[in-house]
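What follows is a single structure, written as structure tokens, with notes after it.
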Amino acid sequence: MDKQSEYIEDLRTIKKVMEESSRFLSLSGLSGLFAGLIALAGAALAVFTLLDGRLLLSGGFFKESTGQEIYQLKIRLSVLSLIVLVLAIGVSIWFSYRKSVRKGLKVWTPVSKRLLLNLMVPLVTGGILIIIFYLQHNWQLVIPSMLIFYGLALVGAGKFTYNDIFYLGLIEILTGLTAAVFPVYGILLWCFGFGFLHITYGLILFRKYER
């Protein structure tokens, strides 16, 4: 009986070592939870301080503003987006680092490098395209592009971390395509994709892998 228990324990150890060598397991569910909360807070701030409380973007929304007003709005939205991005990345790194220390996992490994590469290619490509749309006043394409390219990044990164990230990426892509078809609901769909989905998947990851 003791030998059988030792054999099972050895198999578990081997499985754990193989998982740690092929997947990035330091990703914390709390990262997604707090990133989602930050996204919702940023969206609320944008809607109620910059967009006059409008959740629906009608076709003539920006035509009502002068060129100078649109320019100022661009600057303010850019600054707010940058703040939200920095905060979201910051809390993600912090919680993942804290988890890695607690579980004795290495953060910077060959797997994490491949994960980062698969994340950055779609994100950088999408970021450049979004800036082009932004400068050309193609507002209706900005939110769908954010969601779609972010989803593509998660799908690519899902091979190197928890499988749940892959499915989150697929839902983000579908949300982005929906935003492209119904641009009037762009802000609501942005809140769903970057806020609600992050919070939901953060809680799922936390319950499955960290409790």
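Counting begins at 1 with the first residue of the sequence.
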Which residues pass the side chain to side chain contact (heavy atoms under 4.5 Å, CB included) test with [X], sequence neighbours left out?
| X | value |
| --- | --- |
| Ile93 | Ile89 |
| Leu203 | Leu33, Ile199 |
| Ile173 | Leu152, Val155, Leu177 |

Restricting to non-hydrogen atoms, name the atom on [X] and the atom on [Y] that form the minimum distance, rounded to 0.1 Å.
| X | Y | value |
| --- | --- | --- |
| Leu80 | Ala46 | CD2-CB, 3.6 Å |
| Ser31 | Phe95 | OG-CB, 3.4 Å |
| Ala88 | Ala35 | CB-CB, 4.2 Å |
| Ile143 | Ile187 | CD1-N, 3.9 Å |
| Cys191 | Ala43 | SG-CB, 3.5 Å |
| Gln140 | Pro183 | CB-CB, 4.0 Å |

Intermediate values then yes/no, side chain to side chain contact (heavy atoms under 4.5 Å, CB included), Thr49 and Arg76: CA-CA 10 Å; Thr49 64; Arg76 290 169 184 169; over 6 Å; no
Stepwise, does the side chain to side chain contact (heavy atoms under 4.5 Å, CB included) test hold for Leu147 with Phe194? CA-CA 8 Å; Leu147 290 162; Phe194 290 109; 3.4 Å; yes
Results of side-chain hydrogen bond (donor to acceptor under 3.5 Å, both in side chains) for Tyr201 - residues two or more places apart only: none
Show your working on side chain to side chain contact (heavy atoms under 4.5 Å, CB included) between Ile165 and Leu205 and close with a plain yes or no. CA-CA 9 Å; Ile165 300 301; Leu205 289 176; 4.0 Å; yes
[atom1] of [X] to [atom2] of [Y]: how many Å apart, nearest 0.5 Å?
| X | Y | atom1 | atom2 | result |
| --- | --- | --- | --- | --- |
| Ile38 | Phe34 | CD1 | CZ | 8.5 Å |
| Ile171 | Thr178 | CD1 | OG1 | 11.5 Å |
| Ser78 | Ile131 | OG | CD1 | 8.5 Å |

Check for me, please, whether [X] and [Y] land in the same ILVMFWY cluster - side-chain distances under 4.5 Å, paths through other members count.
| X | Y | answer |
| --- | --- | --- |
| Leu45 | Leu85 | no |
| Leu30 | Ile204 | no |
| Val91 | Ile83 | yes |

Could you note down all residue pairs passing salt bridge (Lys or Arg N to Asp or Glu O under 4.0 Å) where residues 163-172 supplies at least one of them, sequence neighbours left out? Asp164-Lys208
Contacts table for residues 116-130: side-chain donor-acceptor under 3.5 angstrom, sequence neighbours left out:
unit_1	atom_1	unit_2	atom_2	d
Asn118	ND2	Arg114	O	2.8
Thr125	OG1	Val121	O	2.7

So Phe196 and Phe192, would you call those rings parallel, tilted or perpendicular, with 30° and 60° as cut-offs? parallel
